[in-house]
Amino acid sequence: MNSVIAKKLFAGVAVFSMIAMAAPAFAAAHAEGSNVNKAGTIGMIIGGQFRPYTSAGAFLSYGFNSWSTVVEANADDNALPVGSFIPPQDGSIIFSDRGADKGTGYVISGGSKYGFPTEAIFKGQGYTYANAMWADVSWMSMGGVINSADAAHLPGTLVNNAGTVQLIGNTGLMGVPDLSTFNSWGYSFAKVVPANNNDKAKTQTGVMSMRQAGQLSP
């Protein structure tokens with residue numbers, strides 16, 4: 001009796017093992033930091049979520065992005081929860097490409113948009129139209145208005161401080177240790193603006209680290 005039961009149990013385990021071995025392998029979601037095309041919407045996989053870009057301009061504002069690296073979403077990518085929209089990169093000059101404020105220029109910082117009341121202030125801050133991009137900012141909150149050309153530049157802005165390129169951080173200036181680190185964030189020297197006196201009054205509080213997959217800002 002016991003021998004019969006044992007044989008049945010063993011047979012059951014053997015069958016289960018064979019079924020398990022025959023089970024098909026499923027593709028995992030793409031790696032952290034991958035840009036994927038999900039039914040026509042492009043987004044980045046960050047922290048186990050699919051976070052969409054709302055426009056081509058937002059995607060391209062990150063210099064480390066390129067269309068050639070976008071991959072098609074697989075079933076596991078499609079199953080990921082959808083996270084918040086990805087704003088244009090901090091420090092970018094973006095002109096609204098739609099909505100009631102279409103044509104209005106902003107600097108992006110901390111995921112919000114900051115406007116310029118006059119062209120003189122825009123240019124006085126060192127910005128140029130040549131370095132601006134068009135993107136959807138209709139969904140973004142208004143962070144404020146830059147009322148003076150002498151106002152300290154907002155976090156995310158690259159400045160030339162007496163010949164040294166630094167990034168305006170949340171608590172001070174961030175140093176750039178080498179060109180490889182600078183390039184890893186997709187930065188361009190063409191977008192560096194002159195530091196003003198309020199920028200120069202800040203102290204350096206850190207050094208920029210090499211970008212890791214999935215990071216959007218230092």
Side-chain angles (χ1 to χ4, degrees), residues 44 46 51 53-66 84-97 104-116 119 121-137 139-202 204-212 214-218:
M44 183 182 286
I46 302 176
R51 292 188 58 189
Y53 302 95
T54 62
S55 62
F59 176 85
L60 294 174
S61 70
Y62 294 91
F64 50 77
N65 279 343
S66 69
S84 58
F85 293 142
I86 297 177
Q89 188 176 42
D90 282 354
S92 297
I93 295 296
I94 300 293
F95 280 78
S96 175
D97 69 357
T104 301
Y106 301 97
V107 60
I108 307 302
S109 182
S112 295
K113 56 187 181 183
Y114 293 77
F116 302 91
E119 183 180 43
I121 292 175
F122 173 81
K123 292 184 175 179
Q125 283 258 297
Y127 299 118
T128 65
Y129 295 115
N131 288 324
M133 303 185 74
W134 291 84
D136 175 20
V137 292
W139 58 275
M140 295 177 64
S141 61
M142 189 74 181
V145 175
I146 301 169
N147 287 311
S148 170
D150 296 324
H153 287 93
L154 295 172
T157 305
L158 289 163
V159 298
N160 182 339
N161 187 358
T164 299
V165 174
Q166 295 171 304
L167 182 75
I168 304 291
N170 292 320
T171 59
L173 299 170
M174 295 186 68
V176 183
D178 51 50
L179 185 59
S180 294
T181 300
F182 183 85
N183 290 337
S184 75
W185 291 98
Y187 289 141
S188 167
F189 288 110
K191 295 185 178 180
V192 177
V193 298
N196 60 34
N197 290 332
N198 284 304
D199 299 327
K200 293 175 180 178
K202 298 177 182 290
Q204 184 169 309
T205 56
V207 176
M208 192 185 300
S209 298
M210 186 77 72
R211 178 180 178 267
Q212 302 300 310
Q215 289 183 314
L216 298 174
S217 181

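Keep in mind it's a predicted model, so treat the numbers as computed, not measured. Along the sequence shown, residues are numbered consecutively beginning with 1.
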So, using side-chain hydrogen bond (donor to acceptor under 3.5 Å, both in side chains) as the criterion, who are the partners of Ser66 when residues are at least two apart? Ser68
Partners meeting side-chain hydrogen bond (donor to acceptor under 3.5 Å, both in side chains) with Ser84 (sequence neighbours left out): Arg51
Could you pull out all residues at least two apart from Tyr53 that satisfy ring-ring contact (aromatic ring centres under 6.0 Å, His included)? Phe59
Counterpart residues, side-chain hydrogen bond (donor to acceptor under 3.5 Å, both in side chains), relative to Gln89 (two or more places apart): none
Just grab all the ring pair (Phe, Tyr, Trp, His ring centres under 6.0 Å) pairs involving residues 143-171, residues at least two apart or on different chains. Tyr127-His153
Donor-acceptor pair, side chain of Ser148 and main chain of Asp150, under 3.5 angstrom: yes
Qualifying salt bridge (Lys or Arg N to Asp or Glu O under 4.0 Å) pairs with a residue from residues 125-136, counting only residues at least two apart or across chains: Arg98-Asp136
Residue set satisfying side-chain hydrogen bond (donor to acceptor under 3.5 Å, both in side chains) with Thr104, at least two apart, ordered chain then number -> none
Name all residues meeting the side chain to side chain contact (heavy atoms under 4.5 Å, CB included) criterion together with Phe85; count only those two or more places apart in sequence or in a different chain, and write none if there are none. Pro52, Thr54, Trp139
Does Gln215 use its side chain to pair, donor to acceptor, with the backbone of Gln212 at less than 3.5 Å? yes
Would a distance-only check, ignoring hydrogens and angles, find a side-chain to backbone donor-acceptor pair under 3.5 Å from Asn196 to Asp199? yes
Go through the structure and list residues passing ring-ring contact (aromatic ring centres under 6.0 Å, His included) with Tyr62, not counting sequence neighbours. Phe64
Under the side chain to side chain contact (heavy atoms under 4.5 Å, CB included) test, residues paired with Asn183 that sit two or more places apart: Leu179
Atom pairs and distances, donor-acceptor, side-chain atoms in residues 184-194, under 3.5 Å, two or more places apart:
residue, atom, partner, partner atom, Å
Ser184, OG, Thr181, O, 2.7
Ser184, OG, Arg211, N, 3.1
Trp185, NE1, Ser209, O, 2.8
Ser188, OG, Ala190, N, 3.1

Excluding sequence neighbours, so at least two apart, what forms side chain to side chain contact (heavy atoms under 4.5 Å, CB included) with Ser180? Asp178, Met210
Closest heavy-atom contact between Ser96 and Tyr106? CB-CE1, 4.4 Å
